[in-house]
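Chain naming here is simple, since letters A, B, ... match the order of the sequence lines and numbering starts at 1 in each.
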Amino acid sequence: MVPEKPSLDGLEDKWAARWDAEGTYRFDRTKTRDEVYAIDTPPPTVSGSLHVGHVFSYTHTDAVARFQRMRGREVFYPMGWDDNGVPTERRVQNYFGVRCDPSLPYDPGFTPPDKPGKQEIPISRQNFVELCDRLVVEDEQKFEELWRTLGLSVDWSMTYTTIGDRARRASQRAFLRMLVRGEAYQSEAPTLWDVDFRMAVSQAELEDRELPGAYHGVRFAGTNGDGDIVIETTRPELIPACVALVAHPDDERYSSRFGTSVTTPLFGVEVPVLPHALADPEKGSGIAMICTFGDTTDVVWWRELQLPTRTVMGRDGRLLAQPPDWGEAAPDAETLYGELAGKTAKQAQARIVELLDEHGELVGAPKPITHPVKFYERGDRPLEIVSSRQWYIRNGGRDPELRAAFLERGRELRWHPAHMRSRYESWVEGLNSDWLISRQRYFGVPFPLWYPLDADGEVDYAHPLMPDEARLPVDPTSDVPEGYTDDMRGKPGGFVADPDVMDTWATSSLTPELAAGWEDDPDLFARVFPMDLRPQAFEIIRTWLFSTIVRAHFEFDGLPWTDAAISGWVLDPDRKKMSKSKGNVVTPMEPIRQFGADAMRYWAASGRPGVDTAVDEGQMKVGRRLAIKILNASKFALGVMGDDGSPDSSTITEPLDRSMLASLAALVANATTSFEGYDYARALDATERFFWGFCDDYLELVKGRAYAGSDSARAALATALDALLRLFAPHMPFVTEEVWSWWREGSIHRTSWPSSDDLAAFAADDVSVYPAGAAVLGEIRKAKSEAKRSMRTDVLSVVVHAPAELRRALEPALDDVRGAGRVAGPTELVEAAELGVEVVLADPE
RNA sequence: GGGCGAUUAGCUCAGGGGGAGAGCACUUCCUUGACACGGAAGGGGUCAGCAGUUCAAAUCUGCUAUCGCCCACCA
């Protein structure tokens with residue numbers, strides 16, 4: 001039933017509801033692995049705001065999903081919600097005005113105030129987690145509404161979260177198995193530490209920021225009559241933590257001093273002068289002080305030169321109240337240290353520079369520089385390095401053989417676009433430590449471990465108590481290890497819980513296992529794992545993609561998927577990266593309402609795989625225009641072709657019709673190849689190009705014959721419309737479904753992708769009739785346009801000058817050209833080297 | 001410092017050894033029986049620069065410049 005005046009209005013709501021009611025995208029779990037196409041959907045961070053970036057990359061994946069579904073694969077397309085981790089924790093704090101205090105007991109009757117007060121209310125860990133759960137549900141609904149409006153073909157009965165029972169169970173089970181196999185281990189070691197979050201941070205969460213600083217020249221006095229050595233440091237406040245000086249072994253300025261010692265300024269602590277290849281003669285004065293710990297190089301030196309530890313930096317970012325163990329020191333060392341104790345790094349630096357100056361130990365004026373400083377990606381202050389006990393997962397950072405294995409996994413994986421692999425490789429090659437997975441947070445998956453206490457109440461970390469897998473998930477702060485009772489918690493001879501939670505990536509790295517029902521649903525798991533596709537953005541290759549490979553490699557000795565499709569960034573209209581802090585984030589619902597979901601998807605699909613793409617309302621308008629064109633062209637085709645739902649290809653006899661279908665066959669082959677290579681954009685581009693030509697030229701050429709009742713024209717229109725709607729369906733699911741419903745049964749999204757086989761009867765035909773007819777018609781239009789006349793103007797005569805080949809191609813289409821061009825008089829074909837058309841128009845009335 | 005990508009019309013971008021392309025914007029015209037939420041036609045480019053390979057280079061190779069991103073050891 002074709003409407004009088006087709007419209008895009010309301011299509012999103014109408015079809016989203018229908019698809020939901022009819023289960024159009026429901027996963028059929030009777031299918032076996034070889035019939036399934038499984039997608040490891042990125043679970044969006046629900047505490048984040050809705051963002052056009054979401055629309056962009058999820059549309060790409062959805063187009064691929066729809067293509068695969070039409071190709072006959074049963075698409076496993078679940079949706080996850082990432083509600084685990086620091087962003088959610090922060091959001092809950094701000095939203096409810098609360099703060100987690102794990103020492104408090106659970107209050108079952110606690111309700112947060114309507115509006116957050118000025119003072120954060122301290123609540124127990126369990127109360128905090130409950131508020132997280134509550135907020136997350138609200139956020140998930142907003143995302144689901146967006147995805148449904150956008151037309152994502154996910155099976156909404158197959159959702160998962162990264163903090164729910166299943167996720168905690170899977171994370172804990174995976175961790176325990178790694179612990180047993182020796183792939184996870186704990187270690188007391190210097191760790192990058194965020195002093196505001198009071199949390200250890202992994203290499204993958206670091207970013208460098210350029211900060212202003214200054215080289216301070218500082219004098220170290222020689223011992224045994226040696227001269228002074230002047231070092232340059234950007235962190236003079238760490239002088240009390242100095243354990244040695246170090247210079248390059250070949251540096252002649254210092255080679256005579258190796259093996260001697262100097263004393264630190266102010267504190268008079270004797271430290272050795274040592275050679276090490278990592279010291280850069282070009283930097284500063286070429287000799288550096290090693291502190292425990294100012295930077296990661298200090299850690300290397302400290303470890304390789306086996307230096308003592310003199311800790312001054314506290315976990316709160318302030319200098320410790322007590323000085324470190326210096327052994328021999330200047331008489332007033334402790335007094336001087338007292339000037340620094342309790343100060344932040346910045347405050348301590350200002351004070352120690354004054355002290356150095358007063359004591360004449362400062363050489364020259366500080367020289368301002370800017371230098372890269374390591375930050376936690378969400379943090380506000382530079383990271384410090386503190387020694388702490390943490391859990392690690394081996395990732396090849398300290399093991400060349402394992403590193404090679406992960407590089408090999410990266411080569412097994414098919415990357416789209418291919419060059420994205422180099423980001424993976426450079427990351428893996430640059431790893432310098434194992435993956436630190438413990439976080440000193442409250443909201444997350446707890447480590448499922450307890451530690452025994454000996455008779456003196458000392459914790460025995462070397463012999464963690466593990467729960468049986470059947471008990472998972474556990475919360476060790478409320479659950480009790482086998483063989484103990486709750487009243488033994490914290491008592492000598494009893495036990496204590498591991499206080500930490502896992503890094504959010506320790507759970508996210510299991511999304512394929514989680515979505516597939518690992519161990520919880522073995523039947524489903526066998527049908528969908530390992531998966532086909534991981535779609536994701538390039539900036540989390542080092543985290544999400546790599547860590548997912550690590551987990552599957554250890555647990556299943558294989559890749560978690562065969563293909564990775566890496567999307568680019570969405571930039572704001574001025575091509576700046578969008579970020580909350582810049583305030584240039586474009587929210588997606590408004591433009592979807594304004595232009596329509598298909599138009600929004602069109603914009604997204606026009607962004608090439610892996611290429612950064614700017615938000616462009618112009619492209620959305622073009623998409624809208626295309627959607628409207630599909631409605632109107634379909635209306636026309638259906639209007640003239642009768643109710644022929646299944647055209648008989650044997651009636652298509654006209655060379656023009658056959659020629660058009662021959663080029664359509666080529667288009668189908670092209671779009672199919674593009675989609676198979678995950679290039680949705682190229683598929684759409686080719687289809688769109690064909691379609692506009694089809695509307696401008698073929699529909700005009702065939703119009704007269706179709707009105708006159710030509711069986712060939714009608715069947716060709718039906719064949720072409722059928723195929724074109726299918727080709728557009730992955731990109732523009734709403735408008736194609738709407739048109740499909742005018743003349744076909746069922747959903748277009750459960751029909752098959754057009755194949756070259758469908759058009760095989762025409763594929764061998766001469767494609768040149770159609771373009772020849774179109775070219776001459778174009779010349780006639782041009783003549784009318786240049787004469788500033790209406791396209792309705794009658795043509796008195798036409799002389800076509802053309803080479804023989806073109807004339808031969810044109811001949812069978814001539815009647816249609818004459819009809820479409822309103823040529824009333826004679827048409828003559830003349831030999832010429834190039835196409836030229838003489839057109840004589842009727843006089844204006 | 002190492003790596004990846006980009007540089008094509010005013011703008012946004014395709015293309016990838018043999019005619020320089022699309023959309024937007026711009027100009028002119030057309031209310032025609034699918035479409036004014038239209039349509040037709042047109043103007044506009046030293047394909048960043050230099051060198052090389054080739055019968056032929058926007059395209060392949062090398063170098064340079066500029067931009068973006070990733071990585072790297074904060075003295």
Side-chain angles (χ1 to χ4, degrees), chain A residues 2 5-9 208-211 213 215-216 218 231-236 238 245-247 278-280 283-291 294-301 369 371-375 382-383 385 417 419-427 429-432 538-539 541-542 568-569 571 573 575 577 595-596 599 606-608 610-614 616-619 621-640 681-682 685 688-689 692 695-696 699-700 703 707 778 780-793 822:
Chain A
V2 184
K5 182 84 183 161
S7 163
L8 299 176
D9 297 341
D208 282 358
R209 296 182 200 164
E210 280 291 326
L211 278 198
Y215 278 136
H216 300 80
V218 178
I231 63 110
E232 299 212 317
T233 178
T234 55
R235 301 207 59 185
L238 293 179
L245 298 190
V246 66
L278 235 43
D280 180 356
K283 265 190 188 170
S285 56
I287 186 162
M289 69 170 183
I290 303 174
C291 306
D295 63 34
T296 51
T297 317
D298 281 345
V299 177
V300 175
W301 283 326
I369 55 159
H371 59 164
V373 178
K374 289 198 191 311
F375 278 73
L383 292 171
I385 295 174
H419 68 81
M420 288 295 177
R421 171 182 295 139
S422 63
R423 291 176 185 257
Y424 174 90
E425 296 200 339
S426 73
W427 174 253
E429 283 163 0
L431 284 170
N432 55 31
F538 63 81
E539 84 277 11
I541 288 174
R542 67 177 183 172
W569 271 103
L571 310 172
R575 299 203 59 74
K577 185 173 155 182
F595 301 105
S606 67
R608 252 65 196 177
V611 176
D612 293 351
T613 303
D616 185 354
E617 284 203 355
Q619 279 297 101
K621 285 181 189 160
V622 173
R624 183 174 177 82
R625 208 172 55 130
L626 174 61
I628 292 168
K629 194 77 173 179
I630 290 172
L631 288 178
N632 286 314
S634 302
K635 181 190 161 195
F636 165 73
L638 291 167
V640 294
R682 193 184 284 262
D685 186 67
E688 186 193 8
R689 204 175 289 274
W692 282 110
C695 291
D696 292 348
L699 290 187
E700 293 302 327
K703 198 176 269 183
Y707 275 128
I780 295 172
R781 280 197 298 245
K782 183 171 167 180
K784 292 178 180 178
S785 191
E786 281 175 351
K788 304 195 174 182
R789 303 288 296 281
S790 156
M791 290 298 136
R792 253 195 331 184
T793 307
R822 290 176 177 263

Between the protein and nucleotides 67-70 of chain B, list the N/O to N/O atom pairs that are separated by less than 3.5 angstrom.
unit_1: B/rC69; atom_1: O2'; unit_2: A/Arg423; atom_2: NH1; d: 3.2

Do you know which two heavy atoms are closest between [X] and [Y], and how far apart they sit?
X: A/Leu699; Y: A/Cys695; value: CB-O, 3.5 Å
X: A/His371; Y: A/Gly213; value: NE2-CA, 4.2 Å
X: A/Ala279; Y: A/Ala247; value: CB-C, 3.4 Å
X: A/Glu700; Y: A/Asp696; value: CG-O, 3.0 Å
X: A/Asp612; Y: A/Phe538; value: OD1-CE2, 3.7 Å
X: A/Pro382; Y: A/Val373; value: CB-CG1, 3.6 Å

Legend entry - 5'-to-3' dot-bracket of RNA chain B (Watson-Crick, G-U; under 3.5 angstrom; crossing pairs as [ ]; | other strand): (((((((..((((....[..)))).(((((.......))))).....(((((..]....))))))))))))....

Measuring from the side chain of [X] (C-beta onward, heavy atoms only), which nucleotide among [options] has the closest atom?
X: A/Thr234; options: B/rC73, B/rC35, B/rC74; result: B/rC74
X: A/Lys5; options: B/rA36, B/rG16, B/rC73; result: B/rA36
X: A/Lys788; options: B/rG33, B/rC30, B/rU28; result: B/rU28
X: A/Arg792; options: B/rG5, B/rC30, B/rU32; result: B/rU32
X: A/Arg689; options: B/rC37, B/rC74, B/rA22; result: B/rA22
X: A/Arg608; options: B/rA14, B/rC73, B/rC74; result: B/rA14
X: A/Lys283; options: B/rC37, B/rC74, B/rG15; result: B/rC74
X: A/Val622; options: B/rC35, B/rC24, B/rG16; result: B/rC24

Same-atom distance ([atom1]) from [N] to [M], integer angstrom:
N: B/rA25; M: B/rU12; atom1: P; value: 15 Å
N: B/rU59; M: B/rU46; atom1: C1'; value: 16 Å
N: B/rC35; M: B/rA40; atom1: C1'; value: 14 Å
N: B/rA48; M: B/rG33; atom1: P; value: 46 Å
N: B/rA41; M: B/rG5; atom1: P; value: 40 Å
N: B/rG45; M: B/rA9; atom1: P; value: 11 Å
N: B/rC71; M: B/rA57; atom1: P; value: 41 Å
N: B/rG42; M: B/rU8; atom1: P; value: 25 Å

Spacing of [X] atom [atom1] and [Y] atom [atom2] [to the nearest 0.5 Å]:
X: A/Lys374; Y: A/Asp295; atom1: NZ; atom2: CG; value: 8.5 Å
X: A/Met289; Y: A/Arg235; atom1: CE; atom2: CZ; value: 9.0 Å
X: A/Phe636; Y: A/Leu631; atom1: CZ; atom2: CG; value: 15.5 Å

Name the nucleic acid region contacted by [X], choosing base, sugar-phosphate or nothing; use a 4.0 angstrom heavy-atom cut-off, strictly under.
X: A/Ala627; answer: nothing
X: A/Leu383; answer: base
X: A/Glu617; answer: nothing
X: A/Cys695; answer: base

Legend entry - Heavy-atom donor-acceptor pair, A/Arg624 side chain to A/Phe595 backbone, under 3.5 Å: yes

Legend entry - A/Gly430 vs A/Ser7, nearer the 5' end of RNA chain B by closest nucleotide: A/Ser7

Inset, instruction - Starting from the 5' end of RNA chain B, give me the residue, A/Ser422 or A/Leu431, whose nearest nucleotide shows up first. - result: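 Mapping each residue to its closest nucleotide by heavy atoms, the 5'-most match is A/Ser422.
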
Euclidean distance, atom [atom1] of residue [X] to atom [atom2] of [N] [Å, nearest integer]:
X: A/Met420; N: B/rG5; atom1: CE; atom2: C1'; value: 8 Å
X: A/Glu429; N: B/rC4; atom1: CD; atom2: P; value: 11 Å
X: A/Asp280; N: B/rC73; atom1: CG; atom2: C1'; value: 9 Å
X: A/Gln619; N: B/rA22; atom1: CD; atom2: P; value: 15 Å
X: A/Lys703; N: B/rU32; atom1: NZ; atom2: P; value: 12 Å
X: A/Leu626; N: B/rA22; atom1: CG; atom2: P; value: 17 Å
X: A/Lys374; N: B/rA72; atom1: NZ; atom2: C1'; value: 8 Å
X: A/Leu631; N: B/rA36; atom1: CG; atom2: P; value: 12 Å

Legend entry - Sequence-distant partners of A/Glu429, side chain to side chain donor-acceptor pair (under 3.5 Å), two or more places apart: none

Legend entry - Contacts of A/Arg625 that satisfy side chain to side chain donor-acceptor pair (under 3.5 Å) - sequence neighbours left out: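 Applying side chain to side chain donor-acceptor pair (under 3.5 Å) to A/Arg625 gives none.
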
Legend entry - Non-neighbouring partners of A/Lys635 that pass salt bridge (charged side-chain N to carboxylate O under 4.0 Å, His left out), sequence neighbours left out: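 Listed in chain order: nothing, the list is empty.
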
Inset, instruction - Taking only the side-chain nitrogens and oxygens of A/Lys784, find out if one of them lies under 4.0 Å from OP1 or OP2 of B/rU32. - result: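 Looking at the OP1 and OP2 atoms of B/rU32, neither is under 4.0 Å from any side-chain N or O of A/Lys784.
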
Inset, instruction - Determine whether A/Val622 and A/Glu688 make a side-chain contact, defined as any pair of heavy atoms from C-beta on separated by less than 4.5 Å. - result: yes

List, with names and distances, any nitrogen or oxygen atoms from the protein found under 3.5 Å away from nitrogen or oxygen atoms belonging to nucleotides 38-45 of chain B.
unit_1: B/rG39; atom_1: OP1; unit_2: A/Lys629; atom_2: NZ; d: 3.3
unit_1: B/rG39; atom_1: OP2; unit_2: A/Arg625; atom_2: NH1; d: 3.2
unit_1: B/rA40; atom_1: OP1; unit_2: A/Asp696; atom_2: OD1; d: 2.8
unit_1: B/rA40; atom_1: OP1; unit_2: A/Asp696; atom_2: OD2; d: 3.0
unit_1: B/rA40; atom_1: O3'; unit_2: A/Arg781; atom_2: NE; d: 3.3
unit_1: B/rA40; atom_1: N3; unit_2: A/Ser785; atom_2: OG; d: 3.4
unit_1: B/rA41; atom_1: O4'; unit_2: A/Ser785; atom_2: OG; d: 3.2
unit_1: B/rG42; atom_1: OP1; unit_2: A/Lys782; atom_2: NZ; d: 3.4

